[in-house]
Amino acid sequence: MSIKRKTRELMERREQILQGGGESAIKKQQEMGKMPARDRVISILDENSFQEYDLFAQHEGRDFDMDKKELPGDGVITGTGKIYGSPVCIFAQDFTVAGGSLGLMHARKITKIMDHALKLKVPLIGINDSGGARVQEGVNSLAGYGEIFYRNTQASGVIPQISVILGPCAGGAVYSPALTDFVFVVDKISKMFITGPEVIKTVLGEEISMEELGGAQVHSTITGNAHFYAASETECFEQIKNLISYIPWNNNLKPRKLRPRSPKNAYKIDTIVPVDPKQPYDVRNVIRAIADSSEFFEIQEQFAQNIVIGYGRMNGQTIGFVANQPMYMAGVLDVDSSDKAARFIRFCDAFNIPLITLVDLPGYLPGVDQEHAGVIRHGAKVLYAYSEATVPRITVILRKAYGGGYIAMNSRHLNADIVFAWPSAEIAVMGPEGAANIIFRKEITSAEDPEKMRKQKIKEYKDKFANPYVAAAKGYVDAVIEPENTRDYLLHALEVLETKDVPRPLRKHGCIPL
Ligand code: HXC
């Protein structure tokens, strides 16, 4: 056989596999608003940059007539490609082939590309669209999942891991995305749950749709499992590319530096924060007033909105922003916002991304619900995450910094590198009203006009403590700065912190309160 004929045969074989599960299965998927698996991969990657591996892999299932079934690529596409010129490893489950179910060969293809990503030290992107463990393959499927989970854990903190939920992701299968750093979901397409509606109906007698149980909205707003929500797959792919542009390839590198740009004139920093500490505002506008091009790429936008996390750039360099959001529950720390912030801080620390923290909060959220939900355990994660982080850590206290909230939000006492405060900062054990009621209770109740006395005592307390100067006098605040000079101070601080190098304690790993 001539090489030409052999090449033609290769092309024919390849063409057949590229049909996936066939026309009607693909049509069924498209009717649900889903792209074919290979098109998804190609859409995420730079043009003509995808190189596929293991196209000819075949499953080894023998039971339940599986030996008579051809499963093209065994229901998963794997390979390497580029995003904005940066290399990535990628896999995409193909629901049109046996429901994207995970048999042994399917799992081997995934673990092989995971090993490759870890060896090359480049990000891994996994597109999940699967009916779960391939029922016909029994324990081999479970083995496959276990081997994926193991690799997710080994790769954690070494390479960024991204999961995209573009179909069902059910049962134990959810734990691979759960072990990764960023989970993307798409409206009406993503379905993620441990036990499906049928099991819930049988066991608990409750009726619930897949959407209500574990749809994109649920995971973006309630559970916090998802980090990015999109209305369509195309929007989701743009978000993935954007994320890749902010993060490094691996833990030994810094994110790629872009050309520095000034913030837009539309964001006037000295007009965003109202002086009255009770008046809300959108802290994202402060970030936009500071960041290059006023661009802020928010993460978990709809979950625990009392804290804002995400990426921006300063002088072209990626920065992780953490900011209390006074517009939502006055920006308190609670169970969910603590988890959200702590996880983000740890990712930034693992991947060499400096942190800027903007503080304006009345403290931790009081109440039986929060206490019983474990606000002590969850709140501790923020303290832990900041304290262990060795990347440059800069704080700007905008307004309120009360009680435990003051300490937790990257205070000097947790070894922040530089703490700035605006003249509007109020650093105190608690708000002046609460404080005056406690320490001047006797004077207030025994006064001829208790209300007048209360107001007087509140003012007294406010004059003494509700300012940045007491903390500045003790060196807890490094500089009290004019709001309009914030970006300049931050740029200087980031520059001098470039050479920061702190030894870490010798230990296997810390024991973060999980
Ligand atoms: C084998 C499967 C499969 C599976 C789907 N298929 N899931 N084959 N193993 N787990 C096959 C179907 O038989 C069908 O094949 C094709 O994929 C398309 O499936 P449909 O049911 O027609 O699709 P749809 O109506 O869209 O429903 C999707 C679905 C449903 C909701 C995901 O397929 C489903 O409930 N599947 C089973 C889910 C499940 O219980 N998985 C096991 C979870 S336990 P044909 O040949 O007819 O086209 C688990 C344990 C892991 O995952 C533990 C790890 C620690």
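Every number for a ligand or one of its atoms is a count from 1 in the order of the listing.
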Under 3.5 Å donor-acceptor, R38 side chain and I77 backbone:
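Judged by distance alone, no pair lies under 3.5 Å.
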I'd like to know if the side chain of R393 reaches the main chain of L414, judged simply by a donor and an acceptor atom lying under 3.5 Å from each other, with no hydrogens or angles considered.
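It does hold such a pair.
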Nearest option to [atom], as decided by whichever heavy atom of [options] sits closest:
atom: atom 50 (C) of ligand 1; options: P197, G75, A133; answer: A133
atom: atom 55 (C) of ligand 1; options: F95, Y175, F64, F149; answer: F149
atom: atom 41 (N) of ligand 1; options: S24, G132, G131; answer: G131

Considering all heavy atoms, the nearest Y364-A408 contact
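Scanning both residues, the minimum pair turns out to be OH-CB, 3.6 Å.
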Of the non-hydrogen atoms in I125 and I83, which two are nearest, and what is the gap between them?
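Scanning both residues completely, I find the closest heavy atoms to be CD1-CD1, 3.7 Å.
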Q58 and D74: side chain donor to acceptor below 3.5 Å
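There is no such pair (donor and acceptor under 3.5 Å, judged by atom type) between the side chains of Q58 and D74.
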Closest approach of any protein heavy atom to [atom], naming residue and atom:
atom: atom 16 (C) of ligand 1; result: G99 N, 3.8 Å
atom: atom 54 (C) of ligand 1; result: Y145 CD1, 3.5 Å
atom: atom 2 (C) of ligand 1; result: A98 O, 3.7 Å
atom: atom 3 (C) of ligand 1; result: S101 CB, 4.0 Å
atom: atom 31 (C) of ligand 1; result: M210 CE, 3.8 Å
atom: atom 9 (N) of ligand 1; result: V135 N, 3.1 Å

Ring geometry between Y246 and Y311 (parallel below 30°, tilted from 30 to 60°, perpendicular above 60°)
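Plane angle under 30°, so parallel.
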F182 vs F228 aromatic rings, parallel, tilted or perpendicular, using cut-offs 30° and 60°?
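Answer is tilted, since the angle falls between 30° and 60°.
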Is any heavy atom of the protein nearer than 4.0 Å to [atom]?
atom: atom 46 (O) of ligand 1; answer: no
atom: atom 23 (O) of ligand 1; answer: yes
atom: atom 52 (O) of ligand 1; answer: yes
atom: atom 14 (C) of ligand 1; answer: no
atom: atom 39 (C) of ligand 1; answer: yes

With a 4.0 Å cut-off on heavy atoms, is K28 touching ligand 1?
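Distance cut 4.0 Å: K28 passes for ligand 1.
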Between Q136 and ligand 1, which residue portion shows a heavy-atom distance shorter than 4.0 Å: side chain, backbone, both, or neither?
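For Q136, the contact with ligand 1 is made by the side chain alone.
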Just let me know how L102 lines up against ligand 1, side chain, backbone, both or neither, with a heavy-atom cut-off below 4.0 Å.
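The answer is neither; L102 stays 4.0 Å or more away.
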Check: P168 N/O within less than 3.5 Å of ligand 1 N/O
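N/O-N/O distance below 3.5 Å does not exist for this pair.
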Cation over ring face, K34 and F95, 6.0 Å, 45°
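Output yes; distance and angle both within limits.
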To the nearest 0.5 Å, what is the distance between CD1 on I189 and OG on S232?
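Going from the CD1 atom of I189 to the OG atom of S232 covers 8.0 Å.
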For atom CE of M32, decide whether the heavy atoms of other residues, nucleotides or ligands shown that lie under 6.0 angstrom number more than 12.
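More than 12 within 6.0 Å, yes.
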Determine whether the aromatic ring centres of Y229 and F303 lie less than 6.0 Å apart.
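No, too far apart.
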